[in-house]
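All remarks here apply to the structure that follows.
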Number of protein chains: 2
Amino acid sequence: MRLSSSQENYLKAIYKLEVGDGIATNQSLAALVEATPASVTNMLRKLTEAGWVEYQAYQGATLTPSGRNEAVTLVRKHRLWEVFLVEKLHYDWDAVHSLAEELEHIGGEELINRLDAFLEHPAYDPHGDPIPNAKGVVRIRQHAIAASEAVVGDRFVVCGVKDSSSLFLRHLDKLSICLGKAYTLIDLLEFDQSAVWTEKDSALTSVSNEVAKNVLIQLTDE
Amino acid sequence: MRLSSSQENYLKAIYKLEVGDGIATNQSLAALVEATPASVTNMLRKLTEAGWVEYQAYQGATLTPSGRNEAVTLVRKHRLWEVFLVEKLHYDWDAVHSLAEELEHIGGEELINRLDAFLEHPAYDPHGDPIPNAKGVVRIRQHAIAASEAVVGDRFVVCGVKDSSSLFLRHLDKLSICLGKAYTLIDLLEFDQSAVWTEKDSALTSVSNEVAKNVLIQLTDE
DNA sequence: TTTGGTTTTTAGCTCAGGCTAAAAATTTTA
DNA sequence: TAAAATTTTTAGCCTGAGCTAAAAACCAAA
Ligand SMILES: [Mn+2]
Ligand SMILES: [Mn+2]
Ligand SMILES: [Mn+2]
Ligand SMILES: [Mn+2]
């Protein structure tokens with residue numbers, strides 16, 4: 001039984017919630033797939049019927065092993081297409097999500113593995129999120145913490161974002177913060193929790209706490 | 001008003017029929033979009049309502065200028081994706097049609113123009129069909145005739161196919177006939193109308209009349 | 001010009017995937 | 001623990017895009 005695009009979106013949404021808070025409630029799902037809770041109930045019943053999801057009334061949904069498999073493949077497809085759009089078609093990183101949201105539903109294993117090879121097996125997507133490999137294994141990003149956890153004197157490299165909305169990504173562009181850049185945290189202002197970062201002792205960047213909470217970093221030694 | 005994938009397929013089908021025989025009858029459309037004539041009637045009414053098609057009961061359908069525009073853009077998208085799949089992902093030319101049939105419905109002008117630039121503005125798709133440019137202009141292939149029209153002694157280059165079914169394309173693969181190859185027609189056998197082609201006096205290729213009718217060539221001077 | 005065949009349209013149905021409003025279940029608060 | 005608030009489900013409806021079977025229109029022959 002082939003999944004529709006809509007069904008695939010539901011599986012991916014359940015997966016995201018499971019990886020995050022742990023529970024895919026009716027309402028959180030509704031928010032993610034942009035439908036009403038009533039529609040979610042309806043779809044969950046069908047996905048349960050078909051063996052992709054486990055679900056009992058009022059209890060929320062979890063993925064079966066095959067459901068999880070589908071979801072991981074979708075995440076892989078989504079992130080590989082994002083890499084393609086940014087690396088090859090030179091889209092900005094804030095503009096690729098919605099296109100990938102459509103492209104992820106096309107074709108099967110064959111297409112995505114060819115795309116993966118063409119892109120030379122990238123490990124991360126343009127937002128720093130890890131790309132599952134062909135076997136569905138997601139290599140976990142090591143030691144990533146929110147930039148808001150850093151203390152004065154820490155050196156770090158920006159490696160991801162928590163919020164990948166267009167609005168936030170374009171804000172980072174304005175601060176010229178991008179993945180891979182190395183900074184030192186030189187000050188934390190008590191007044192508003194904002195931070196001052198410096199990029200190898202040159203320009204200073206002032207970063208609000210709201211921003212720091214949504215930037216993922218890896219601390220670097222020394 | 002945004003077109004659905006299904007509606008886009010109808011516009012493309014009408015366009016193909018207009019370019020070919022000239023008339024998009026209810027039945028020929030049904031065959032192209034793989035639906036029943038009843039469903040076609042239904043859809044044509046909606047497309048007429050929305051201004052993409054002109055159509056009166058029992059008279060067949062024609063595209064309005066905006067409908068034709070959409071159709072040409074779709075053909076452009078389809079053929080560019082086919083180029084991508086063959087050139088970059090190394091698919092065989094007989095395997096790309098159905099994927100392109102889905103990819104063509106994704107995104108808009110922006111995506112397709114970026115893809116076009118990435119592919120360096122190809123003029124033809126993997127089956128030798130011309131790719132309309134961003135303004136919707138289709139450059140007509142010059143002097144192409146069916147290989148069955150050639151006479152003994154003619155030199156020519158293979159430049160396209162009339163039948164682009166998987167079955168036919170794989171047959172050409174077996175004969176190692178591909179686009180761009182140059183041959184001389186050295187014999188026409190009266191018994192079964194089959195032809196003998198030679199590639200710069202080396203290997204001989206025996207080509208049935210059925211095949212020759214579906215291969216497009218350009219005669220070369222001298 | 002009447003008859004018969006073909007094509008198109010109409011009528012009525014189905015299915016996926018949505019929606020709203022109301023009912024039921026669950027959870028929180030007093 | 002009873003009431004209130006929240007969440008989920010149910011019921012009933014809608015739209016897009018298909019389908020079949022029957023009626024209507026059109027075309028071609030006799
Ligand atoms: Mn999607
Ligand atoms: Mn991403
Ligand atoms: Mn298509
Ligand atoms: Mn083609």
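Side-chain atoms are counted along with the backbone in the values below, which use heavy atoms only and exclude waters and symmetry mates. Here is the naming used below: chain letters follow the sequence lines, and residue numbers restart at 1 for every chain.
Taking CG from A/Leu103 and CG from A/Leu115, the interatomic distance works out to 9.0 Å, rounded to the nearest 0.5 Å.
One atom, CD of B/Gln56, and another, C1' of D/dA24, lie 18 Å apart when rounded to the nearest Å. The distance from atom CD1 of A/Ile23 to atom C1' of D/dT8 is 14 Å, rounded to the nearest whole Å. In this structure, CG of B/Leu29 is placed 12 Å from P of D/dG18, rounded to the nearest angstrom. In this entry the distance linking CG of B/Leu44 with P of C/dT7 reads 17 Å, nearest Å. Look at CD on B/Gln27: it is 12 Å from C1' on C/dG5, rounded to the nearest Å.
Residue A/Thr36 places its side chain closer to C/dC19 than to any other of C/dC19, D/dC19, D/dT8.
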Under 3.5 Å between N/O atoms: give me all the protein pairs with nucleotides 11-17 of chain C, atom names plus distance.
from, atom 1, to, atom 2, distance (Å)
C/dG17, OP1, A/Ser4, OG, 2.5

Are there any protein N/O atoms within less than 3.5 Å of an N/O atom in nucleotides 25-27 of chain D, and if so, which ones and at what distance?
from, atom 1, to, atom 2, distance (Å)
D/dA25, O4', B/Tyr58, OH, 3.1

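Between A/Asn9 and A/His105, the side chains place a donor N or O and an acceptor N or O closer than 3.5 Å (distance only, hydrogens not considered). Inspection of the A/Ser4 and A/Ser6 side chains reveals no N or O donor paired with an N or O acceptor under 3.5 Å. Residues A/His78 and A/His97 bring a donor and an acceptor atom of their side chains to less than 3.5 Å of each other.
Close to D/dC19, at under 4.0 Å from its OP1 or OP2, lies a side-chain N or O of B/Ser39. The shortest distance between the side-chain N/O atoms of B/Arg45 and the OP1/OP2 oxygens of C/dT10 is below 4.0 Å. Distances shown here put every side-chain N or O of B/Tyr55 at or beyond 4.0 Å from the OP1 or OP2 atom of C/dT8.
Here the closest heavy-atom approach between residue B/Ala61 and residue B/Ile14 is recorded as O-CG2, 4.0 Å. Closest non-hydrogen pair, B/Ser66 versus B/Gly51, comes out as OG-O, 3.5 Å.
Geometrically, A/Lys88 engages A/Phe118 in a cation-pi contact, judged by NZ or CZ lying under 6.0 Å from the ring centre and within 45° of the ring axis.
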Residues B/Glu18, B/Arg68; criterion salt bridge (charged side-chain N to carboxylate O under 4.0 Å, His left out); working and verdict: CA-CA 10 Å; B/Glu18 281 187 355; B/Arg68 176 163 302 101; 2.8 Å; yes
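Judged as a side chain to side chain contact (heavy atoms under 4.5 Å, CB included), and not counting sequence neighbours, the contacts of A/Tyr91 are A/Leu85, A/Leu89, A/Ala95, A/Val96, A/Leu99, B/Glu110, B/Leu111, B/Arg114.
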